[in-house]
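Notes follow once the structure below has been shown.
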2 protein chains.
Amino acid sequence: MMTTPALPTKDRLIQSAATLFRTRGYHGVGLADLLSHAKAPKGSLYHHFPNGKSDLAMAAATWASDQMLRLIAASFDGAKTFKDGATTLCFKLAKLFDLTGWDTCPIAATLFEGPDNTEFRAHASHIYEGWIAEVHDHAERFGLPEDEAQTNAENLFVLIQGGWMLARARRDSDVLRTLPALL
Amino acid sequence: MMTTPALPTKDRLIQSAATLFRTRGYHGVGLADLLSHAKAPKGSLYHHFPNGKSDLAMAAATWASDQMLRLIAASFDGAKTFKDGATTLCFKLAKLFDLTGWDTCPIAATLFEGPDNTEFRAHASHIYEGWIAEVHDHAERFGLPEDEAQTNAENLFVLIQGGWMLARARRDSDVLRTLPALL
DNA sequence: ACAGGAATAGACCGATTGGTCCAGCGTCGA
DNA sequence: TCGACGCTGGACCAATCGGTCTATTCCTGT
């Protein structure tokens with residue numbers, strides 16, 4: 001609920017935005033909600049993000065994406081095989097799901113439902129390909145050939161996105177834990 | 001672009017709502033857009049849907065769900081095996097993706113990003129389970145044992161949802177056509 | 001032909017939306 | 001000590017939001 005109070009205003013704005021957009025979507029969050037959640041005045045928003053809400057949404061998406069990239073790295077770093085890494089990733093996500101609740105994928109909520117804006121779509125796609133590339137690299141590190149690494153990475157992405165959605169509908173993270181069986 | 005003009009107002013409203021919510025999300029569509037797209041005055045909206053936007057969203061989601069159920073049935077009816085049916089479903093969806101463009105899953109866009117409302121969430125979950133149940137029944141019809149039918153149905157759902165999302169990010173329906181290989 | 005409900009048409013409303021603007025604040029280096 | 005400047009605080013704005021209400025038109029059964 002509370003964002004760490006000691007954080008600088010800009011970061012508080014980004015994190016509040018990430019949280020709120022994830023739960024209610026880009027259009028579902030007003031500046032009023034945003035500012036009161038981040039305990040920041042309107043002036044600060046437009047100081048740090050001259051283009052206002054859309055700038056902030058971009059930054060929030062990037063921030064959320066970085067978190068995800070770290071989670072992927074953490075899962076595959078200690079793993080013995082690709083499937084091991086994929087499995088721990090799914091389990092870590094299941095735990096995260098239980099903690100944060102039944103929210104959407106932060107990128108989808110922030111960028112896909114945002115303004116028609118081409119930039120938004122491009123950024124979302126860029127972020128997703130970043131995730132896939134990260135998994136891809138780990139797959140190659142485990143000795144998988146290039147093309148196999150790519151399809152495995154894409155498959156894992158698809159499973160997680162779809163699994164998260166079903167988990168959300170059911171308010172139950174179990175689906176996420178059964179995903180690795182499909183690889 | 002144009003909704004069939006001969007359709008009764010109520011249906012025009014539902015279909016316009018389904019279309020617009022799917023592309024811009026529940027909060028992303030205002031009543032003004034909605035009414036001008038459906039070529040209906042405000043009075044008609046509140047006559048057919050006393051609770052306004054939220055009532056309409058529910059109806060639109062149900063309508064979209066029925067379309068999906070018909071698509072599932074059509075795919076499995078002419079199939080020889082479960083995997084055959086699943087494959088044609090994926091291909092039909094890929095074609096649909098190319099036609100409608102890069103929109104979200106209509107249910108997710110309409111109900112998940114909608115008001116916090118418990119009804120919305122419940123309806124979304126109900127619809128999803130309906131799709132899974134439909135696939136489940138076809139699976140059993142092909143002789144699969146109960147539990148296998150269930151996991152197969154859930155897996156297909158997960159693949160389609162995740163695949164659709166990646167296809168959307170890439171603006172390319174190819175992902176959808178590669179999904180059956182994962183069953 | 002006419003009564004009466006269903007449906008349409010749109011003026012109108014208060015609340016909220018995203019965004020602008022400027023006065024003040026605190027903290028630097030000179 | 002004093003600007004200068006990064007940042008905050010919030011008053012203010014037009015536009016739009018979802019929703020209400022009433023007058024009118026359309027259609028149908030009798």
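So you know, we letter chains A, B, ... as the sequences are listed, proteins then strands, and number each from 1.
Remark: side-chain polar atoms of B:Asp33 are not paired, donor with acceptor, to backbone N or O of B:Val29 under 3.5 angstrom.
At whole-Å resolution of the value, CG in A:Asp11 and P in D:dT8 are 11 Å apart. We find that CG of B:Asp55 is positioned 14 Å from P of D:dG18, with the value rounded to whole Å. Separating the NZ atom of A:Lys39 from the P atom of D:dG10 is a distance of 14 Å, rounded to the nearest angstrom. Rounded to whole angstrom, the span from the CG atom of A:Leu56 across to the C1' atom of C:dG18 amounts to 13 Å. Between B:Leu45 atom CG and D:dG18 atom C1' there is a gap of 10 Å when expressed in whole angstrom units. The CZ-C1' distance, from B:Phe49 to C:dA6, rounds to 15 Å in whole Å. C:dA15 atom P lies 20 Å from atom NE2 of B:His27, rounded to whole Å. Spacing between atom CG of B:Leu35 and atom C1' of D:dT16 amounts to 14 Å, rounded to whole angstrom units.
Candidate nucleotides D:dT8, C:dA7, C:dT17 were compared by shortest atom distance to the side chain of A:Asp33, and C:dT17 ranks first. When distances are taken from the side chain of B:Tyr46 to each of C:dA7, D:dC17, D:dT20, the shortest belongs to D:dT20. For A:Thr9, the side-chain atoms get nearest to D:dT8 when compared with the rest of C:dG19, D:dT8, C:dA7. Residue A:Pro41 has its side chain nearest to D:dT8 when only C:dT8, D:dT8, C:dG19 are considered. The side chain of A:His47 lies closest to D:dG6, out of D:dG18, D:dC17, D:dG6.
A:Gly43 comes within 4.0 angstrom of a nucleotide base, judged by non-hydrogen atoms across all strands. Contact annotation for A:Ala40: no contact, since no heavy-atom pair falls under 4.0 Å across all strands.
Between A:Arg24 and A:Glu113 there is no salt bridge, since none of the side-chain N atoms of the basic residue sits less than 4.0 Å from a carboxylate O of the acidic one. Between A:Asp98 and A:Arg177 there is a salt bridge, since a side-chain N of the basic residue sits under 4.0 Å from a carboxylate O of the acidic one. Taking a cutoff of 4.0 Å between a charged side-chain nitrogen and a carboxylate oxygen, B:Asp55 and B:Lys10 do not qualify as a salt bridge.
Within the 4.0 Å cut-off from OP1 or OP2 of D:dT8, at least one side-chain nitrogen or oxygen of A:His48 is found.
Contact annotation: side chain of A:Lys42 to base of D:dG9, donor-acceptor pair absent below 3.5 Å.
With A:Leu156 as the fixed residue, the side-chain contact (heavy atoms from CB on, under 4.5 Å) test singles out one of A:Ile132, A:Leu179, A:Thr151, A:Leu89: A:Leu89.
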